[in-house]
2 protein chains.
Amino acid sequence: MIRISKKVEYALMALKFISQSDNKLVTAREISDTKKIPYDLLSKILQKLKNENILLSNQGTNGGYSLNKRTDEIYLYNLMNMLDGDIAVAECMYETKEKDCSLEDSCSIKSEVAKLQKEVEDLFKNKTISDFV
Amino acid sequence: MIRISKKVEYALMALKFISQSDNKLVTAREISDTKKIPYDLLSKILQKLKNENILLSNQGTNGGYSLNKRTDEIYLYNLMNMLDGDIAVAECMYETKEKDCSLEDSCSIKSEVAKLQKEVEDLFKNKTISDFV
DNA sequence: CTAATTTGGACTAATATAGTCCTATTTGAA
DNA sequence: TTCAAATAGGACTATATTAGTCCAAATTAG
């Protein structure tokens, strides 16, 4: 299936929201409430983005999140990678594949799949958060 | 996740195999054996392709499948659609969506997602089986 | 008649995604 | 110095999707 996961969808919405909040800290609760995103799930996503240096966070009362990068420096490709792991159009294209594709030698479409893989990657590498704002 | 399903992968391999078999009928068993594809699953896929007029079939002894279209007339996009259903980068992009996206109004990225949707579609619409042969 | 084959429904298993629950830690302010 | 508002993060459950299996019927050449 070709789909953007909910995690990435929520991340895009959250980043857009934060980017439009004039540098004041934004809480997970605030985003969750206004955008109707499950709070716990959103928290996990924001934590992840913080650990990946996309966001800055302040704990405690009056805490919240702010952007740590310009929106045009945050690539959709990277977001997808952070939140969902490797992007691969087919099993054999996983960068970190531990298990070999069961087909291997009998697979007759490998090289064209690799080409497709690159095209899909490029598409997502050419999109940044600024496109969504 | 951005992935080509096994069904589509197997379909590509099968179509390639059939296209290289000089117009003689090819059985599901033959493809399954040489390409190491689970027989029952492959059968389903070939039946589907037959019902979608991509393949012709002969039942009974000496039966099998043959192509009903030129390889450059079979689009990856259509294959994906036939075998996996609607392609949608996000829930709200399903053509046949009965359930509304829970976010709806609160969704702030809809228009850009629609653009992305089109780009992904175009990518797959521009690939035919002949690219894989 | 029989064996090889497609046809197709129903089911199960495996995997991935989405969402929940709980507790700890940090911090500003009453 | 306690309390409430936040982030941090592990463990778990539920749901959905994908992959694969099983079984029985229909077709057809020899």
Side-chain angles (χ1 to χ4, degrees), chain A residues 1-11 14 18 24-33 36-52 54-66 68 80 83-88 90-91 94 97-99 101-103, chain B residues 1-11 14 18 24-33 36-52 54-66 68 80 83-88 90-91 94 97-99 101-103:
Chain A
M1 188 184 278
I2 304 299
R3 220 186 66 224
I4 286 185
S5 72
K6 285 287 179 195
K7 278 186 191 170
V8 173
E9 227 176 304
Y10 294 156
I18 296 169
K24 67 173 169 24
L25 293 181
V26 179
T27 67
R29 181 63 63 186
E30 202 177 341
I31 302 172
S32 162
D33 285 349
K36 309 278 164 42
I37 300 172
Y39 175 77
D40 293 290
L41 187 52
L42 179 63
S43 293
K44 293 290 156 54
I45 293 166
L46 296 176
Q47 283 164 35
K48 186 84 182 180
L49 295 180
K50 187 258 172 171
N51 288 332
E52 300 276 358
I54 304 286
L55 294 177
L56 292 173
S57 71
N58 282 190
Q59 273 182 287
T61 311
N62 300 335
Y65 295 94
S66 60
N68 193 28
M80 293 169 78
L83 296 170
D84 298 335
D86 257 3
I87 292 169
E91 219 177 312
Y94 281 106
K97 69 161 184 153
E98 62 301 316
K99 61 173 175 185
C101 169
S102 58
L103 298 170
Chain B
M1 186 183 278
I2 304 299
R3 219 187 65 225
I4 286 184
S5 73
K6 285 286 179 194
K7 277 188 192 169
V8 173
E9 227 177 302
Y10 294 156
I18 295 169
K24 68 174 165 28
L25 293 183
V26 180
T27 66
R29 181 63 65 186
E30 199 176 345
I31 302 172
S32 162
D33 285 348
K36 307 281 163 39
I37 300 172
Y39 175 77
D40 293 289
L41 186 52
L42 179 64
S43 291
K44 292 289 156 53
I45 294 166
L46 297 176
Q47 282 164 38
K48 186 84 182 180
L49 296 180
K50 187 259 171 170
N51 288 332
E52 300 278 357
I54 304 286
L55 294 177
L56 292 174
S57 71
N58 283 189
Q59 272 182 288
T61 310
N62 299 335
Y65 295 93
S66 61
N68 193 28
M80 294 169 77
L83 296 169
D84 299 335
D86 257 2
I87 292 170
E91 218 177 313
Y94 282 106
K97 72 162 180 150
E98 62 299 318
K99 60 172 173 184
C101 170
S102 57
L103 299 170

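Since the model is a prediction, treat every value here as computed from it, not as a measurement.
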Quiz item: Which whole-number value in Å describes the distance from A/Glu30 CD to D/dT7 C1'?
Solution: 15 Å

Self-check item: Sugar-phosphate or base contact per nucleotide [nucleotides 23-30 of chain D; S, B, -; heavy atom under 4.0 Å]
Solution: B--BBBBS

Quiz prompt | Positions of residues 41-50 of chain B (non-hydrogen atom under 4.0 Å from DNA chain C), listed by number | solution = B/Lys44, B/Gln47, B/Lys50

Self-check item: Selection from D/dA19, C/dA18, C/dT5 that lies nearest to any side-chain heavy atom of B/Thr27
Solution: C/dT5

Practice problem: With sequence neighbours left out, write down each residue that passes side-chain contact (heavy atoms from CB on, under 4.5 Å) with A/Gln59, or none if nothing qualifies. | Solution: none

Please tabulate, one pair per line, all N/O donor-acceptor pairs under 3.5 Å involving side-chain atoms of residues 24-33 of chain A, not counting sequence neighbours.
| residue | atom | partner | partner atom | Å |
| --- | --- | --- | --- | --- |
| A/Thr27 | OG1 | A/Glu30 | N | 3.0 |
| A/Glu30 | OE1 | A/Thr27 | N | 3.4 |
| A/Ser32 | OG | A/Ile37 | O | 2.8 |

Practice problem: Taking only the side-chain nitrogens and oxygens of A/Tyr10, find out if one of them lies under 4.0 Å from OP1 or OP2 of C/dT17. | Solution: no

Exercise. Mind checking side-chain contact (heavy atoms from CB on, under 4.5 Å) for B/Leu41 and listing every partner two or more places apart, or none if nothing turns up?
Key: B/Tyr10, B/Pro38, B/Ile45

Quiz item: Looking only at side-chain N and O atoms, does B/Arg29 come under 4.0 Å of OP1 or OP2 in C/dA3?
Solution: no

Quiz item: Would you say C/dT7 has OP1 or OP2 under 4.0 Å from some side-chain N or O of B/Tyr65?
Solution: yes

Practice problem: Measure the distance from NZ on A/Lys6 to C1' on C/dT17 and round it to the nearest whole Å. | Solution: 11 Å

Quiz item: Who passes side-chain contact (heavy atoms from CB on, under 4.5 Å) against A/Lys44, sequence neighbours left out?
Solution: A/Gln47

Exercise. Report the residues that fulfil side-chain contact (heavy atoms from CB on, under 4.5 Å) with A/Asn51, sequence neighbours left out, ordered by chain and then residue number.
Key: none

Quiz item: So does B/Tyr39 get a side-chain nitrogen or oxygen closer than 4.0 Å to the phosphate oxygens (OP1/OP2) of C/dT6?
Solution: yes

